[in-house]
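So that the names make sense, note that chain A is the first sequence line, chain B the second, and so on, each numbered from 1. Quick caveat: nothing in here was measured; it's all calculated off a predicted structure. Scope of the values below: all heavy atoms of this structure, side chains included, with no hydrogens, waters or symmetry mates.
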Number of protein chains: 2
Amino acid sequence: MIDLDDGNPTEAREAALNRALEALHFAFRAVTARPDAMLADLGLGRIHHRILYFVGRAPEGSVGDLLAILGVSKQYLNRPLRQLQQVGYIHAAPDPADRRVKRLTLTPSGAELEAALTGDQRQRFARVFAEAGPEAEAHWRRVTALLAGPRP
Amino acid sequence: MIDLDDGNPTEAREAALNRALEALHFAFRAVTARPDAMLADLGLGRIHHRILYFVGRAPEGSVGDLLAILGVSKQYLNRPLRQLQQVGYIHAAPDPADRRVKRLTLTPSGAELEAALTGDQRQRFARVFAEAGPEAEAHWRRVTALLAGPRP
DNA sequence: TCATCTAGGTCAATCATGTTGACATAATAC
DNA sequence: GTATTATGTCAACATGATTGACCTAGATGA
């Protein structure tokens, strides 16, 4: 292992890196816990949240677009997407220019649910960033982006 | 990374918070991807990594300790733990003071595998922290700890 | 026009990850 | 000597997700 830490004893640095690793796990879990619980109350899963999120972010997208963004099989996407349409969270209209493709949008109640789910997460970030300050926010974003590596 | 939009509660700020949320997901995925791939090559899963990690961090722990830390059912823990013993990554010796409890430790090859798995993750953090600087590291740790919330 | 391609949908089998329930065994504690 | 504790194991089940095969409706091009 390369010692990237100038001056610190290796073992102590390793322990510090372990703590960073664990902190990432705990943060991730904390961020997803509440929306997961809300979804469970509605009999829905994380996949439904992901669908709502991406349809909200890219309205008028096609099923194929969603498939590519989510990275799941079409057979798996089909059922939760149908559920979301049936309970009125997502509206699907055929594209007039090519009636094979469906244009997906959130209904008002779908947007409301999405805001409750992702909104909880955004509020958590907003509170934390407000408490830590703008410089910490910028640094967090930079470090997290570096951890993620080059993105497509 | 020039997307902070400090303080305005507008759509732009919401988009910035969405980007933070997505960055967390991508970072988490990037950090876990390589160890997951290594484990898959060995026919093992994430649970094996978790076991190796916690046994490495707290040697001489009991099965019950591991159960409590991992938060899984004992029936589920049993199989992967047995596998790890069978292939010689983990050694279990009865506690001389109470021979019902097993004291779990990593074997040298178990420690080597653990170092390959978690070591990859530590190195990623080490590289990123080295590139971003100590102040960014401190800020990242603070923000991430705040995101995680109060920890037991 | 007709053959072919594309977007989407659906049935069925399968696999992985975990859970719960029930019960077994060995060792310790009272 | 009985009750309790630490661990192990069999079995059934739930959920999330995949692959393969096949289907329809609509678009497209020789």
**OP:** Verify, without hydrogens or angle tests, whether Thr118(B) (side chain) and Ala115(B) (backbone) share a donor-acceptor contact under 3.5 angstrom.
**Re:** no
**OP:** Mind listing the residues from residues 76-93 of chain B sitting with a heavy atom below 4.0 Å of DNA chain D? Number order is fine.
**Re:** Asn78(B), Arg82(B)
Subject >> Within residues 38-50 of chain B: residues closer than 4.0 Å to DNA chain D (heavy atoms) >> reply: none
Original post:
Do the charged groups of Asp36(B) and Arg46(B) touch, with an N to O distance under 4.0 Å?
Top reply: yes
Original post:
Which nucleotide sits closest to the side chain of Gln75(A): dT20(C), dC11(C), dA27(C)?
Top reply: dC11(C)
Subject >> Glu112(A) CD: over 12 foreign heavy atoms closer than 6.0 Å >> reply: no
Subject >> All side-chain contact (heavy atoms from CB on, under 4.5 Å) counterparts of Arg100(B), not counting sequence neighbours >> reply: Asp98(B)
Subject >> Side-chain heavy atoms of Arg124(B) within contact of Arg34(B), under 4.5 Å >> reply: yes
Original post:
CG of Leu81(A) to CG of Asn78(A): how many Å apart, nearest 0.5 Å?
Top reply: 7.0 Å
Original post:
Which of parallel (below 30°), tilted (30 to 60°) and perpendicular (above 60°) describes Phe28(A) and His25(B)?
Top reply: perpendicular
Subject >> SB check Glu137(A) Arg13(B) (cutoff 4.0 Å) >> reply: yes
**OP:** Ignoring hydrogens and angles, tell me if any N or O in the side chain of Asp65(A) forms a donor-acceptor pair with the backbone of Ser62(A) under 3.5 Å.
**Re:** yes
Original post:
Would Arg57(A) and Glu114(A) pass as an ion pair if we require N to O under 4.0 Å?
Top reply: no
**OP:** Using the test side-chain contact (heavy atoms from CB on, under 4.5 Å), find all partners of Phe54(A) that sit at least two apart in sequence or belong to another chain.
**Re:** Leu66(A), Ile69(A), Leu70(A)
Original post:
Between Phe125(A) and Phe129(A), what is the ring plane arrangement, given parallel below 30°, perpendicular above 60°, and tilted in between?
Top reply: tilted
Subject >> Arg100(A) CZ to dT4(C) P, straight-line distance once rounded to whole Å >> reply: 17 Å
Original post:
Which of residues 65-74 of chain B sit near DNA chain C, with a heavy atom under 4.0 Å from it?
Top reply: Gly71(B), Val72(B), Ser73(B)
**OP:** Provide the start and end nucleotides, 5' to 3', of the part of DNA chain D that has atoms under 4.0 Å from heavy atoms of chain B.
**Re:** dT5(D) to dC10(D)
Subject >> Nearest-0.5 Å distance that lies between atom CG in Leu17(B) and atom CD in Gln121(A) >> reply: 11.0 Å
